[in-house]
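Taking it in order: structure first as structure tokens, then the write-up.
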Amino acid sequence: MPELPEVETVCRGLARALEGRRISRAEARRPDLRLPLPPDLAERLVGRRVGRVGRRAKYILIFLDDGGVLIAHLGMSGRLYVMREAPPPPGPHDHVILAVDDGTTVYFNDVRRFGLMALATEAELPGHAFFRELGPEPLGNDFNGPALAAALKGRMTPIKAALLDQKVVAGLGNIYVCEALFRAGLSPRRKAASVQGRRAERLAQAIRQVLREAIAAGGSSLRDYVQTNGELGYFQHHWAVYGREGAPCPTCAGNGRGGAVRRIVQSGRSTFYCASCQR
DNA sequence: CTACCATCCTGGTTGC
DNA sequence: TGCAACCAGGATGGTA
């Protein structure tokens with residue numbers, strides 16, 4: 001669900017609520033998520049002070065004062081709610097509860113239970129199965145045209161599928177891949193290996209630009225996603241193609257070509273694009 | 001290696 | 001209105 005901008009927004013909300021605070025209560029209410037919760041989750045959290053809250057790809061990293069790290073992934077429908085006042089009684093999808101020493105409570109809620117929470121030590125992170133094979137952070141300093149071109153070299157798969165592969169670049173999902181390809185003027189059906197040189201440069205910059213704008217908007221709210229304070233992100237109003245099948249293309253509607261946004265299915269997922277200005 | 005597909009689970013939306 | 005089919009932001013493991 002949530003892609004990089006939504007996870008980043010959640011991280012910032014969590015950082016404000018948790019950094020420097022001591023965990024006073026932890027409760028695992030429903031441990032049978034897709035990856036079962038660690039049986040000792042609560043006891044390993046209670047009494048720990050939270051250091052930094054960070055992010056790698058779509059994973060949230062909550063660093064603890066004993067060298068431990070609480071790793072959270074929202075899957076497709078996960079949410080983290082920060083409540084400053086007395087929280088409502090937990091519902092059936094509130095799987096983990098954390099409370100800290102200033103009275104703030106955090107609920108990890110996930111209707112579909114594709115999300116996860118795991119524990120590791122800071123030292124284990126680089127070699128951890130979650131992170132070992134991840135590609136570069138798209139907003140990091142080492143992500144640019146040449147780096148993207150190198151990752152795409154030799155890949156016969158469509159560029160759309162390649163960008164969803166977290167080994168190529170980390171953190172993109174269906175929405176932002178569609179939007180980035182639109183901004184770069186590249187067809188989602190184009191062979192990944194053909195995106196080299198100027199095209200790769202253009203695509204790398206389009207990815208960075210759309211992610212930055214989405215983060216500034218608090219992410220996109222579609223069905224499940226809300227920020228930690230319960231507010232909606234509003235980037236969904238800025239989508240050029242995603243979810244807009246049949247709508248006039250924002251680029252070529254005005255120049256007389258009158259292209260419309262199309263929906264196709266690639267590797268089982270919807271792709272939205274303009275066949276007239278994406279080549 | 002690479003690519004495609006099904007699958008995990010639940011709820012909201014759509015169409016008859 | 002009722003009900004069934006379909007669809008959804010992700011990740012992975014199996015198969016070809």
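These values consider heavy atoms only, across backbone and side chains, with no hydrogens, waters or symmetry-generated copies. In what follows, chains are A, B, ... by sequence order, proteins preceding strands, each numbered from 1.
- In this structure, a donor-acceptor pair under 3.5 Å is absent between the side chains of Gln278(A) and Ser187(A).
- Ser270(A) and Tyr242(A) form no side-chain donor-acceptor contact under 3.5 Å, judged by distance and modelled atom types alone.
- There is no side-chain donor-acceptor pair under 3.5 Å between Ser24(A) and Asp101(A).
- Distance from the side chain of Arg34(A) is smallest for dT12(C) among the nucleotides dC4(B), dT12(C), dT10(B).
- Atom CG of Leu164(A) is separated from atom C1' of dA11(C) by 11 Å (rounded to the nearest Å).
- For the pair Leu74(A) CG and dC9(B) C1', the computed distance is 16 Å after rounding to whole Å.
- Rounded to whole Å, the distance from CD on Gln266(A) to P on dC4(B) is 9 Å.
- Base pairing of dC9(B): no nucleotide in any strand meets the Watson-Crick or G-U wobble criterion (both distances under 3.5 Å).
- Each of dC4(B), dA8(C), dG10(C) was ranked by its minimum atom distance to the side chain of Pro158(A); first place goes to dC4(B).
- Contact check, Gln166(A) against dG10(C): no side-chain N or O comes under 4.0 Å of OP1 or OP2.
- Checked by atom type, the side-chain pair Glu179(A)/Tyr273(A) shows no donor-acceptor distance below 3.5 Å.
- Atom CG in Asp110(A) sits about 15 Å away from atom P in dG9(C), given to the nearest Å.
- Straight-line distance from the CG atom of Asn109(A) to the P atom of dT10(B): 13 Å, rounded to whole Å.
- Between Gly154(A) and Ser267(A), the one whose closest nucleotide on DNA chain B sits nearer the 5' end is Gly154(A).
- Comparing dT1(C) with dG11(B), their P atoms are spaced 23 Å from each other, to the whole Å.
- Between Lys58(A) and dG10(C), a side-chain N or O to OP1/OP2 separation shorter than 4.0 Å is present.
- The side chain of His93(A) has dG11(B) as its nearest neighbour among dG10(C), dG11(B), dC4(B).
- Between Tyr59(A) atom OH and dA11(C) atom C1' there is a gap of 7 Å when expressed in whole angstrom units.
- Side-chain atoms of Arg269(A) stay outside donor-acceptor range of the base of dA8(C), with no qualifying N/O pair under 3.5 Å.
- Rounded to a whole Å, the CE atom of Met76(A) is 13 Å from the C1' atom of dG12(B).
- When the side-chain nitrogen and oxygen atoms of Ser270(A) are compared with OP1 and OP2 of dA8(C), one or more of them lie within a distance under 4.0 Å.
- Between Phe131(A) atom CZ and dA11(C) atom P there is a gap of 11 Å when expressed in whole angstrom units.
- For the pair Arg183(A) and Glu213(A), the salt-bridge criterion is met [side-chain N within less than 4.0 Å of a carboxylate O].
- Side chain of Phe114(A), nearest nucleotide from dC9(B), dA11(C), dT10(B): dC9(B).
- Listed nucleotides: dA8(C), dG11(B), dA11(C). Nearest to the side chain of Tyr242(A): dA8(C).
- Under the 3.5 Å distance criterion, with hydrogens and angles disregarded, no donor-acceptor pair is assigned to the side chains of Arg189(A) and Gln266(A).
- Separation of the P atoms belonging to dA11(C) and dG12(B) is 23 Å when rounded to the nearest angstrom.
- Taking the P atoms as reference points, dC7(C) lies 15 Å from dC5(B), given to the whole Å.
- Within the nucleic acid shown, Gly268(A) has no heavy atom closer than 4.0 Å to any nucleic acid atom.
- Here Arg113(A) lies in heavy-atom contact (under 4.0 Å) with sugar-phosphate atoms only.
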